[in-house]
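Quick note: numbers below take in every heavy atom, side chains included, and nothing from hydrogens, waters or symmetry partners. None of these values were measured; they are calculated from a predicted model. Chain letters run A, B, ... following the sequence lines, proteins first, then strands; residues in each count from 1.
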Protein chains: 2
Amino acid sequence: MMKRETLKKQVYEYLREEIMNGRIAPGERLIEEKIAKKIEVSRSPIREAIRLLEKDGLVIVNKRGGVTVFHPDISHFQHLYECRVELEPAAAYYAAQRITKEQIRMLRQHLPSKHEICRQYELKKIHDMNVKFHEGIVEASGNPFLIKTICHLRGINSMYRMAILKRNDLRVELAIEEHFNIFEAIASGCADDARRYMREHIESDYKFYVHLYSERK
Amino acid sequence: MMKRETLKKQVYEYLREEIMNGRIAPGERLIEEKIAKKIEVSRSPIREAIRLLEKDGLVIVNKRGGVTVFHPDISHFQHLYECRVELEPAAAYYAAQRITKEQIRMLRQHLPSKHEICRQYELKKIHDMNVKFHEGIVEASGNPFLIKTICHLRGINSMYRMAILKRNDLRVELAIEEHFNIFEAIASGCADDARRYMREHIESDYKFYVHLYSERK
DNA sequence: TTTTCGTCGACTGTATACAATCATCATTAA
DNA sequence: TTAATGATGATTGTATACAGTCGACGAAAA
(Lines give C-alpha, C1' and ligand atoms only; values in the text may rest on other atoms or scores of the structure.)
Protein backbone atom coordinates (compact mmCIF):
# COMPACT_ATOMS: atom_id res chain seq x y z
CA MET A 1 0.00 0.00 0.00
CA MET A 2 1.41 3.36 -0.99
CA LYS A 3 -1.46 5.24 0.53
CA ARG A 4 0.22 7.57 3.00
CA GLU A 5 -2.19 10.44 2.66
CA THR A 6 -5.88 10.77 2.06
CA LEU A 7 -7.07 11.23 -1.48
CA LYS A 8 -8.70 14.46 -0.46
CA LYS A 9 -5.34 15.91 0.39
CA GLN A 10 -3.66 14.58 -2.69
CA VAL A 11 -6.37 16.02 -4.91
CA TYR A 12 -6.13 19.31 -3.06
CA GLU A 13 -2.39 19.53 -3.58
CA TYR A 14 -2.82 18.60 -7.20
CA LEU A 15 -5.46 21.21 -7.94
CA ARG A 16 -3.65 23.85 -5.96
CA GLU A 17 -0.52 23.25 -7.97
CA GLU A 18 -2.40 23.29 -11.25
CA ILE A 19 -4.01 26.58 -10.36
CA MET A 20 -0.87 28.19 -9.05
CA ASN A 21 1.16 27.56 -12.17
CA GLY A 22 -1.71 28.53 -14.42
CA ARG A 23 -2.41 25.16 -16.03
CA ILE A 24 -5.93 25.69 -14.81
CA ALA A 25 -6.64 29.23 -15.95
CA PRO A 26 -8.15 31.97 -13.78
CA GLY A 27 -11.86 32.22 -14.44
CA GLU A 28 -12.09 28.62 -15.51
CA ARG A 29 -14.84 26.56 -13.96
CA LEU A 30 -14.04 23.41 -12.02
CA ILE A 31 -16.32 20.51 -12.89
CA GLU A 32 -16.26 17.80 -10.29
CA GLU A 33 -17.00 14.96 -12.61
CA LYS A 34 -14.49 15.98 -15.24
CA ILE A 35 -11.71 16.18 -12.70
CA ALA A 36 -12.87 12.87 -11.29
CA LYS A 37 -12.60 11.23 -14.69
CA LYS A 38 -9.30 12.86 -15.43
CA ILE A 39 -7.45 11.78 -12.32
CA GLU A 40 -9.49 8.65 -11.74
CA VAL A 41 -10.91 9.10 -8.28
CA SER A 42 -14.51 9.43 -7.25
CA ARG A 43 -16.26 12.76 -6.80
CA SER A 44 -16.21 12.63 -3.01
CA PRO A 45 -12.55 13.50 -2.41
CA ILE A 46 -12.77 16.07 -5.19
CA ARG A 47 -15.69 17.87 -3.62
CA GLU A 48 -13.81 18.06 -0.36
CA ALA A 49 -10.62 19.22 -2.01
CA ILE A 50 -12.55 21.98 -3.73
CA ARG A 51 -13.89 23.13 -0.36
CA LEU A 52 -10.32 23.46 0.80
CA LEU A 53 -9.46 25.55 -2.23
CA GLU A 54 -12.46 27.68 -1.42
CA LYS A 55 -11.17 28.17 2.08
CA ASP A 56 -7.86 29.31 0.61
CA GLY A 57 -9.62 31.82 -1.59
CA LEU A 58 -8.23 30.13 -4.68
CA VAL A 59 -11.67 29.48 -6.10
CA ILE A 60 -14.91 31.33 -5.67
CA VAL A 61 -18.34 29.77 -5.57
CA ASN A 62 -20.88 31.01 -8.06
CA LYS A 63 -24.55 31.27 -7.28
CA ARG A 64 -25.63 28.11 -9.00
CA GLY A 65 -23.17 25.99 -7.04
CA GLY A 66 -19.90 25.00 -8.58
CA VAL A 67 -16.75 27.03 -8.41
CA THR A 68 -14.59 29.17 -10.63
CA VAL A 69 -10.87 29.71 -10.35
CA PHE A 70 -10.17 33.02 -8.75
CA HIS A 71 -9.11 35.74 -11.13
CA PRO A 72 -6.70 38.14 -9.41
CA ASP A 73 -6.27 41.72 -10.41
CA ILE A 74 -4.02 44.52 -9.24
CA SER A 75 -6.64 46.29 -7.14
CA HIS A 76 -7.07 43.17 -5.05
CA PHE A 77 -3.35 43.07 -4.69
CA GLN A 78 -3.53 46.44 -2.99
CA HIS A 79 -6.32 45.25 -0.70
CA LEU A 80 -4.25 42.28 0.27
CA TYR A 81 -1.40 44.51 1.34
CA GLU A 82 -3.71 46.75 3.30
CA CYS A 83 -4.28 43.71 5.48
CA ARG A 84 -0.74 42.46 5.61
CA VAL A 85 0.60 45.86 6.56
CA GLU A 86 -1.53 45.74 9.69
CA LEU A 87 -1.13 42.12 10.67
CA GLU A 88 2.52 41.36 10.03
CA PRO A 89 3.79 44.31 12.08
CA ALA A 90 1.45 43.24 14.87
CA ALA A 91 2.91 39.76 14.67
CA ALA A 92 6.41 41.23 14.94
CA TYR A 93 5.30 43.31 17.90
CA TYR A 94 4.03 40.34 19.86
CA ALA A 95 6.88 38.16 18.71
CA ALA A 96 9.30 40.61 20.30
CA GLN A 97 7.50 40.09 23.59
CA ARG A 98 6.97 36.36 23.45
CA ILE A 99 9.70 34.79 21.41
CA THR A 100 11.68 32.03 23.11
CA LYS A 101 15.44 31.62 23.05
CA GLU A 102 15.00 28.56 20.91
CA GLN A 103 12.87 30.46 18.43
CA ILE A 104 15.44 33.24 18.28
CA ARG A 105 18.05 30.67 17.40
CA MET A 106 15.84 29.25 14.66
CA LEU A 107 15.01 32.67 13.32
CA ARG A 108 18.66 33.64 13.07
CA GLN A 109 19.24 30.67 10.81
CA HIS A 110 16.87 32.17 8.30
CA LEU A 111 18.99 35.24 7.91
CA PRO A 112 21.58 34.87 5.19
CA SER A 113 25.14 35.26 6.45
CA LYS A 114 27.31 37.95 4.90
CA HIS A 115 29.27 35.10 3.49
CA GLU A 116 26.29 33.83 1.60
CA ILE A 117 25.42 37.27 0.36
CA CYS A 118 28.91 38.00 -0.95
CA ARG A 119 28.96 34.71 -2.71
CA GLN A 120 26.02 35.67 -4.87
CA TYR A 121 24.12 32.77 -3.47
CA GLU A 122 21.30 31.52 -5.54
CA LEU A 123 18.51 34.04 -5.35
CA LYS A 124 15.91 31.33 -5.05
CA LYS A 125 17.59 29.99 -1.97
CA ILE A 126 17.73 33.33 -0.25
CA HIS A 127 14.14 33.95 -1.17
CA ASP A 128 13.15 30.70 0.55
CA MET A 129 15.05 31.81 3.64
CA ASN A 130 13.16 35.08 3.61
CA VAL A 131 9.85 33.29 3.50
CA LYS A 132 10.88 31.11 6.41
CA PHE A 133 12.01 34.18 8.28
CA HIS A 134 8.59 35.75 8.00
CA GLU A 135 6.90 32.52 8.96
CA GLY A 136 9.12 32.21 11.98
CA ILE A 137 8.14 35.66 13.21
CA VAL A 138 4.46 35.03 12.78
CA GLU A 139 4.83 31.73 14.59
CA ALA A 140 6.69 33.44 17.42
CA SER A 141 3.79 35.83 17.92
CA GLY A 142 2.08 32.93 19.67
CA ASN A 143 -1.30 34.11 18.46
CA PRO A 144 -3.16 31.39 16.56
CA PHE A 145 -5.51 33.86 14.88
CA LEU A 146 -2.67 35.99 13.61
CA ILE A 147 -0.88 32.87 12.44
CA LYS A 148 -3.86 31.49 10.62
CA THR A 149 -4.91 34.75 9.02
CA ILE A 150 -1.48 35.79 7.86
CA CYS A 151 -0.77 32.34 6.54
CA HIS A 152 -3.99 32.53 4.59
CA LEU A 153 -3.18 35.93 3.15
CA ARG A 154 0.29 34.78 2.22
CA GLY A 155 -1.18 31.95 0.17
CA ILE A 156 -3.31 34.32 -1.83
CA ASN A 157 -0.39 36.69 -2.08
CA SER A 158 1.81 34.18 -3.79
CA MET A 159 -0.99 33.46 -6.19
CA TYR A 160 -1.12 37.11 -7.11
CA ARG A 161 2.58 37.22 -7.64
CA MET A 162 2.32 34.28 -9.98
CA ALA A 163 -0.65 35.59 -11.86
CA ILE A 164 0.17 39.27 -12.06
CA LEU A 165 3.86 39.27 -12.48
CA LYS A 166 4.15 36.07 -14.48
CA ARG A 167 7.79 35.79 -13.69
CA ASN A 168 9.89 35.21 -10.65
CA ASP A 169 11.06 38.66 -9.81
CA LEU A 170 12.40 38.31 -6.35
CA ARG A 171 13.02 41.32 -4.25
CA VAL A 172 15.89 39.71 -2.47
CA GLU A 173 18.86 41.93 -1.85
CA LEU A 174 16.72 44.87 -0.84
CA ALA A 175 15.05 42.87 1.85
CA ILE A 176 18.14 41.60 3.59
CA GLU A 177 19.03 44.68 5.57
CA GLU A 178 15.41 45.22 6.53
CA HIS A 179 15.29 41.67 7.81
CA PHE A 180 18.36 42.25 9.92
CA ASN A 181 16.82 45.26 11.57
CA ILE A 182 13.60 43.42 12.28
CA PHE A 183 15.49 40.50 13.71
CA GLU A 184 17.54 42.68 16.03
CA ALA A 185 14.43 44.42 17.32
CA ILE A 186 12.63 41.16 18.01
CA ALA A 187 15.60 39.40 19.55
CA SER A 188 16.24 42.30 21.88
CA GLY A 189 12.59 42.61 22.81
CA CYS A 190 12.02 46.07 21.33
CA ALA A 191 8.41 45.50 20.38
CA ASP A 192 7.69 48.97 19.04
CA ASP A 193 10.76 48.97 16.85
CA ALA A 194 9.89 45.51 15.59
CA ARG A 195 6.47 46.73 14.60
CA ARG A 196 7.75 49.82 12.87
CA TYR A 197 10.50 48.05 10.95
CA MET A 198 8.12 45.36 9.83
CA ARG A 199 5.61 47.90 8.64
CA GLU A 200 8.22 49.70 6.59
CA HIS A 201 9.36 46.38 5.23
CA ILE A 202 5.90 45.36 4.08
CA GLU A 203 5.30 48.77 2.60
CA SER A 204 8.45 48.73 0.57
CA ASP A 205 7.68 45.21 -0.55
CA TYR A 206 4.32 46.38 -1.83
CA LYS A 207 5.81 49.37 -3.60
CA PHE A 208 8.32 47.12 -5.25
CA TYR A 209 5.68 44.90 -6.78
CA VAL A 210 3.46 47.76 -7.84
CA HIS A 211 6.41 49.36 -9.54
CA LEU A 212 7.29 46.13 -11.27
CA TYR A 213 3.73 45.76 -12.42
CA SER A 214 3.33 49.25 -13.79
CA GLU A 215 6.65 48.94 -15.54
CA ARG A 216 5.72 45.93 -17.59
CA LYS A 217 2.20 46.91 -18.56
CA MET B 1 -41.90 21.73 -1.97
CA MET B 2 -40.59 23.57 1.06
CA LYS B 3 -36.98 23.02 0.16
CA ARG B 4 -35.65 26.51 -0.24
CA GLU B 5 -32.13 25.86 0.94
CA THR B 6 -29.68 23.05 0.63
CA LEU B 7 -29.52 20.49 3.39
CA LYS B 8 -25.89 21.31 3.88
CA LYS B 9 -26.78 24.83 4.85
CA GLN B 10 -29.64 23.78 7.05
CA VAL B 11 -27.48 21.30 8.89
CA TYR B 12 -24.79 23.94 9.21
CA GLU B 13 -27.18 26.45 10.74
CA TYR B 14 -28.54 23.78 13.04
CA LEU B 15 -25.15 22.66 14.33
CA ARG B 16 -23.93 26.20 14.62
CA GLU B 17 -26.91 27.11 16.72
CA GLU B 18 -26.53 24.03 18.90
CA ILE B 19 -22.90 24.84 19.51
CA MET B 20 -23.47 28.51 20.15
CA ASN B 21 -26.04 28.01 22.84
CA GLY B 22 -24.09 25.20 24.41
CA ARG B 23 -26.47 22.33 23.73
CA ILE B 24 -23.50 20.68 22.12
CA ALA B 25 -20.82 21.16 24.73
CA PRO B 26 -17.31 22.47 24.07
CA GLY B 27 -14.91 19.58 23.78
CA GLU B 28 -17.61 17.21 22.65
CA ARG B 29 -16.88 15.14 19.58
CA LEU B 30 -19.12 15.35 16.54
CA ILE B 31 -19.93 11.93 15.08
CA GLU B 32 -21.21 12.16 11.55
CA GLU B 33 -23.34 9.07 11.71
CA LYS B 34 -24.96 9.95 15.01
CA ILE B 35 -25.96 13.38 13.82
CA ALA B 36 -27.19 11.82 10.61
CA LYS B 37 -29.43 9.47 12.53
CA LYS B 38 -30.61 12.17 14.86
CA ILE B 39 -31.76 14.68 12.29
CA GLU B 40 -32.51 12.12 9.62
CA VAL B 41 -30.37 13.15 6.72
CA SER B 42 -27.52 11.28 5.12
CA ARG B 43 -23.91 11.76 6.07
CA SER B 44 -23.01 13.76 2.98
CA PRO B 45 -24.59 17.09 3.94
CA ILE B 46 -23.35 16.58 7.46
CA ARG B 47 -19.77 16.14 6.40
CA GLU B 48 -19.98 19.32 4.38
CA ALA B 49 -21.64 21.25 7.16
CA ILE B 50 -18.87 20.18 9.50
CA ARG B 51 -16.31 21.53 7.07
CA LEU B 52 -18.07 24.86 7.23
CA LEU B 53 -17.94 24.80 11.01
CA GLU B 54 -14.27 24.04 10.72
CA LYS B 55 -13.81 27.07 8.49
CA ASP B 56 -15.52 29.16 11.15
CA GLY B 57 -13.19 27.83 13.81
CA LEU B 58 -16.12 26.43 15.74
CA VAL B 59 -14.74 22.91 15.65
CA ILE B 60 -11.21 21.64 15.45
CA VAL B 61 -10.09 18.54 13.64
CA ASN B 62 -8.23 15.95 15.62
CA LYS B 63 -5.45 13.88 14.17
CA ARG B 64 -7.44 10.74 13.54
CA GLY B 65 -10.03 12.60 11.50
CA GLY B 66 -13.27 13.64 13.09
CA VAL B 67 -13.82 16.93 14.87
CA THR B 68 -14.29 18.27 18.35
CA VAL B 69 -16.25 21.33 19.39
CA PHE B 70 -13.91 24.19 20.04
CA HIS B 71 -13.30 24.90 23.68
CA PRO B 72 -12.76 28.63 24.17
CA ASP B 73 -10.70 30.03 26.97
CA ILE B 74 -9.83 33.51 28.05
CA SER B 75 -6.33 33.48 26.58
CA HIS B 76 -7.76 32.90 23.14
CA PHE B 77 -10.11 35.73 23.79
CA GLN B 78 -7.09 37.97 24.18
CA HIS B 79 -5.57 36.65 20.96
CA LEU B 80 -8.77 37.42 19.16
CA TYR B 81 -8.65 41.01 20.28
CA GLU B 82 -5.03 41.35 19.30
CA CYS B 83 -6.28 40.81 15.77
CA ARG B 84 -9.38 42.93 15.96
CA VAL B 85 -7.50 45.86 17.40
CA GLU B 86 -5.38 45.97 14.27
CA LEU B 87 -7.99 45.25 11.65
CA GLU B 88 -11.01 47.23 12.74
CA PRO B 89 -9.11 50.51 13.09
CA ALA B 90 -7.63 49.87 9.65
CA ALA B 91 -11.14 49.36 8.31
CA ALA B 92 -12.19 52.67 9.86
CA TYR B 93 -9.16 54.34 8.33
CA TYR B 94 -9.99 53.22 4.82
CA ALA B 95 -13.68 53.77 5.33
CA ALA B 96 -12.96 57.43 6.08
CA GLN B 97 -11.29 57.69 2.70
CA ARG B 98 -13.70 55.65 0.63
CA ILE B 99 -17.12 55.87 2.15
CA THR B 100 -19.91 57.06 -0.14
CA LYS B 101 -22.58 59.58 0.73
CA GLU B 102 -25.13 56.83 0.62
CA GLN B 103 -23.09 54.72 3.03
CA ILE B 104 -22.73 57.66 5.38
CA ARG B 105 -26.49 58.00 5.41
CA MET B 106 -26.89 54.31 6.17
CA LEU B 107 -24.25 54.42 8.86
CA ARG B 108 -25.92 57.33 10.61
CA GLN B 109 -29.07 55.28 10.93
CA HIS B 110 -27.20 52.84 13.10
CA LEU B 111 -26.43 55.46 15.67
CA PRO B 112 -29.09 55.71 18.32
CA SER B 113 -30.70 59.11 18.50
CA LYS B 114 -30.58 61.01 21.79
CA HIS B 115 -34.28 60.42 21.89
CA GLU B 116 -33.82 56.69 21.85
CA ILE B 117 -31.14 56.85 24.50
CA CYS B 118 -33.21 58.95 26.89
CA ARG B 119 -36.10 56.63 26.46
CA GLN B 120 -34.15 53.76 27.89
CA TYR B 121 -34.63 51.92 24.67
CA GLU B 122 -34.34 48.20 24.87
CA LEU B 123 -30.70 47.38 25.36
CA LYS B 124 -30.91 44.51 22.94
CA LYS B 125 -32.09 46.83 20.22
CA ILE B 126 -29.28 49.28 20.73
CA HIS B 127 -26.83 46.44 20.81
CA ASP B 128 -28.07 45.29 17.41
CA MET B 129 -27.61 48.80 16.08
CA ASN B 130 -24.07 48.80 17.38
CA VAL B 131 -23.29 45.59 15.58
CA LYS B 132 -24.71 46.99 12.37
CA PHE B 133 -22.68 50.13 12.86
CA HIS B 134 -19.47 48.15 12.99
CA GLU B 135 -20.48 46.08 10.01
CA GLY B 136 -21.25 49.23 8.07
CA ILE B 137 -17.81 50.62 8.68
CA VAL B 138 -16.07 47.45 7.67
CA GLU B 139 -18.18 47.32 4.55
CA ALA B 140 -17.33 50.92 3.75
CA SER B 141 -13.65 50.10 3.85
CA GLY B 142 -14.18 48.57 0.43
CA ASN B 143 -11.54 45.95 1.09
CA PRO B 144 -12.86 42.41 0.60
CA PHE B 145 -10.07 40.85 2.63
CA LEU B 146 -10.66 43.12 5.57
CA ILE B 147 -14.35 42.46 5.31
CA LYS B 148 -13.98 38.72 5.18
CA THR B 149 -11.40 38.47 7.93
CA ILE B 150 -13.13 40.78 10.36
CA CYS B 151 -16.45 39.08 9.74
CA HIS B 152 -14.81 35.78 10.50
CA LEU B 153 -13.26 37.05 13.73
CA ARG B 154 -16.54 38.56 14.77
CA GLY B 155 -18.20 35.17 14.48
CA ILE B 156 -15.69 33.57 16.77
CA ASN B 157 -15.89 36.55 19.06
CA SER B 158 -19.57 36.13 19.67
CA MET B 159 -18.95 32.50 20.43
CA TYR B 160 -16.49 33.50 23.12
CA ARG B 161 -18.92 35.93 24.58
CA MET B 162 -21.52 33.20 24.79
CA ALA B 163 -19.19 30.62 26.21
CA ILE B 164 -17.12 32.70 28.57
CA LEU B 165 -19.65 35.11 29.90
CA LYS B 166 -22.67 32.86 29.80
CA ARG B 167 -24.96 35.80 29.99
CA ASN B 168 -25.86 38.73 27.83
CA ASP B 169 -23.87 41.52 29.34
CA LEU B 170 -24.03 44.20 26.76
CA ARG B 171 -21.66 47.06 26.93
CA VAL B 172 -24.13 49.44 25.44
CA GLU B 173 -24.20 52.85 26.98
CA LEU B 174 -20.45 53.12 27.19
CA ALA B 175 -20.08 52.52 23.51
CA ILE B 176 -22.46 55.17 22.30
CA GLU B 177 -20.24 58.18 22.66
CA GLU B 178 -17.30 56.32 21.20
CA HIS B 179 -19.43 55.43 18.22
CA PHE B 180 -20.36 59.06 17.71
CA ASN B 181 -16.75 60.10 17.63
CA ILE B 182 -15.87 57.38 15.18
CA PHE B 183 -18.77 58.29 12.97
CA GLU B 184 -17.83 61.96 12.88
CA ALA B 185 -14.27 61.14 11.97
CA ILE B 186 -15.30 58.83 9.15
CA ALA B 187 -18.02 61.09 7.78
CA SER B 188 -15.65 64.05 7.69
CA GLY B 189 -12.89 62.02 6.13
CA CYS B 190 -10.43 62.25 9.01
CA ALA B 191 -8.85 58.88 8.45
CA ASP B 192 -6.24 59.09 11.18
CA ASP B 193 -8.79 60.13 13.77
CA ALA B 194 -11.10 57.36 12.66
CA ARG B 195 -8.34 54.85 13.14
CA ARG B 196 -7.39 56.15 16.55
CA TYR B 197 -10.94 56.34 17.88
CA MET B 198 -11.70 52.87 16.64
CA ARG B 199 -8.59 51.50 18.26
CA GLU B 200 -9.52 53.02 21.59
CA HIS B 201 -13.02 51.72 21.17
CA ILE B 202 -11.90 48.14 20.57
CA GLU B 203 -9.46 48.34 23.45
CA SER B 204 -12.04 49.50 25.90
CA ASP B 205 -14.41 46.84 24.67
CA TYR B 206 -11.79 44.21 25.38
CA LYS B 207 -11.06 45.61 28.83
CA PHE B 208 -14.73 45.56 29.62
CA TYR B 209 -15.10 41.89 28.88
CA VAL B 210 -11.93 40.92 30.67
CA HIS B 211 -13.09 42.81 33.71
CA LEU B 212 -16.46 41.14 33.57
CA TYR B 213 -14.81 37.77 33.28
CA SER B 214 -12.40 38.22 36.16
CA GLU B 215 -15.23 39.53 38.29
CA ARG B 216 -17.39 36.46 38.00
CA LYS B 217 -14.75 33.78 38.30
C1' DT C 1 0.45 -11.10 36.95
C1' DT C 2 1.79 -9.20 32.75
C1' DT C 3 2.16 -9.08 27.97
C1' DT C 4 0.79 -10.06 23.47
C1' DC C 5 -2.31 -10.99 20.05
C1' DG C 6 -6.61 -11.09 17.86
C1' DT C 7 -11.39 -9.99 17.44
C1' DC C 8 -15.03 -6.71 17.46
C1' DG C 9 -17.13 -2.34 17.22
C1' DA C 10 -17.12 2.36 15.96
C1' DC C 11 -15.74 5.77 12.77
C1' DT C 12 -14.21 7.99 8.81
C1' DG C 13 -12.65 7.80 3.84
C1' DT C 14 -14.14 6.67 -0.77
C1' DA C 15 -17.11 5.05 -4.46
C1' DT C 16 -21.28 5.11 -6.75
C1' DA C 17 -26.07 5.58 -7.74
C1' DC C 18 -29.99 8.46 -7.84
C1' DA C 19 -32.64 12.94 -7.63
C1' DA C 20 -33.19 17.67 -8.59
C1' DT C 21 -32.09 21.77 -10.99
C1' DC C 22 -30.76 24.72 -14.57
C1' DA C 23 -29.33 25.95 -19.42
C1' DT C 24 -29.80 25.29 -23.98
C1' DC C 25 -32.01 24.60 -27.99
C1' DA C 26 -35.40 23.24 -31.01
C1' DT C 27 -40.18 23.08 -32.10
C1' DT C 28 -44.60 24.85 -32.37
C1' DA C 29 -48.25 28.19 -31.96
C1' DA C 30 -49.58 33.03 -32.43
C1' DT D 1 -40.97 36.33 -37.14
C1' DT D 2 -41.32 35.94 -32.31
C1' DA D 3 -42.58 34.10 -28.09
C1' DA D 4 -43.79 30.20 -25.43
C1' DT D 5 -43.11 25.52 -24.35
C1' DG D 6 -41.07 21.26 -23.84
C1' DA D 7 -37.22 17.92 -24.24
C1' DT D 8 -32.47 16.94 -23.44
C1' DG D 9 -28.00 17.17 -21.39
C1' DA D 10 -24.83 18.79 -18.02
C1' DT D 11 -23.81 19.43 -13.26
C1' DT D 12 -24.46 19.56 -8.49
C1' DG D 13 -26.98 17.84 -4.20
C1' DT D 14 -28.01 13.76 -1.46
C1' DA D 15 -28.22 8.93 -0.12
C1' DT D 16 -26.06 4.75 0.68
C1' DA D 17 -22.90 0.97 0.49
C1' DC D 18 -18.36 -0.65 1.17
C1' DA D 19 -13.54 -0.56 2.74
C1' DG D 20 -9.92 0.58 5.82
C1' DT D 21 -8.22 2.01 10.29
C1' DC D 22 -7.88 2.63 15.08
C1' DG D 23 -9.00 1.62 19.90
C1' DA D 24 -10.89 -1.21 23.44
C1' DC D 25 -11.47 -5.35 25.43
C1' DG D 26 -10.60 -9.93 26.44
C1' DA D 27 -8.30 -14.34 26.03
C1' DA D 28 -4.22 -16.95 25.81
C1' DA D 29 0.68 -17.48 26.62
C1' DA D 30 4.89 -16.39 29.26
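- Donor-acceptor pairing under 3.5 Å is recorded for the side chains of Ser75(B) and Asp73(B).
- Phosphate proximity of dT21(C) to Arg64(A): absent, as no side-chain N or O sits under 4.0 Å from OP1 or OP2.
- Between Ile35(A) atom CD1 and dT11(D) atom P there is a gap of 11 Å when expressed in whole angstrom units.
- Across the protein-nucleic acid pair, Glu48(A) atom CD and dG13(C) atom P stand 7 Å apart, rounded to whole Å.
- Around NZ of Lys55(B), the count of heavy atoms belonging to other residues, nucleotides or ligands within 6.0 Å exceeds 12.
- Checking dT12(C), dG13(D), dT14(C) against every side-chain atom of Pro45(A), the shortest atom distance belongs to dT14(C).
- One atom, CD of Glu54(A), and another, P of dT12(D), lie 13 Å apart when rounded to the nearest Å.
- The separation between Arg29(A) atom CZ and dT11(D) atom P is 7 Å, rounded to whole Å.
- When rounded to the nearest whole Å, the span between CZ of Arg51(B) and P of dG13(D) equals 16 Å.
- Rounded to an integer number of Å, the gap from NZ of Lys9(B) to P of dT14(D) is 11 Å.
- Considering only side-chain N and O atoms, Lys8(A) lies nowhere under 4.0 angstrom from the phosphate OP1 or OP2 of dG13(C).
- As rounded to whole Å, 20 Å separates atom C1' of dT14(C) from atom OH of Tyr12(A).
- Of the candidate nucleotides dA15(D), dA17(D), dA15(C), dA17(D) has the atom lying nearest to any side-chain atom of Arg43(B).
- Heavy atoms of Lys63(A) sit nowhere under 4.0 angstrom from any nucleic acid atom.
- Per the geometry, CG belonging to Asn62(A) stands 11 Å off P belonging to dA23(C), to the nearest Å.
- Classification of the His179(B)-His134(B) ring pair by plane angle, with boundaries at 30° and 60°, yields perpendicular.
- Set against dT14(D), dC11(C), dA15(C), the side chain of Leu7(B) has dT14(D) as its closest nucleotide.
- Contacts of Leu30(B) with the nucleic acid, taken as non-hydrogen atoms under 4.0 Å apart, involve only primed sugar atoms and P, OP1 or OP2.
- A close approach under 4.0 Å does not occur between any side-chain nitrogen or oxygen of Ser42(B) and OP1 or OP2 of dT14(D).
- Between Phe183(A) and Phe133(A), the ring planes are tilted. Angles from 30° to 60° get that label.
- Of the possible polar contacts, none joining the Thr149(A) side chain to the Leu146(A) backbone as a donor-acceptor pair under 3.5 Å is found.
- Considering only the side chain of Ser44(B), dA15(D) comes nearest among dA15(D), dG13(D), dT12(C).
- For Glu32(B), whose side chain is taken as the heavy atoms from C-beta onward, the closest listed nucleotide among dT11(D), dT12(C), dA15(C) is dT12(C).
- Residue Arg47(B) places at least one side-chain N or O closer than 4.0 Å to OP1 or OP2 of dG13(C).
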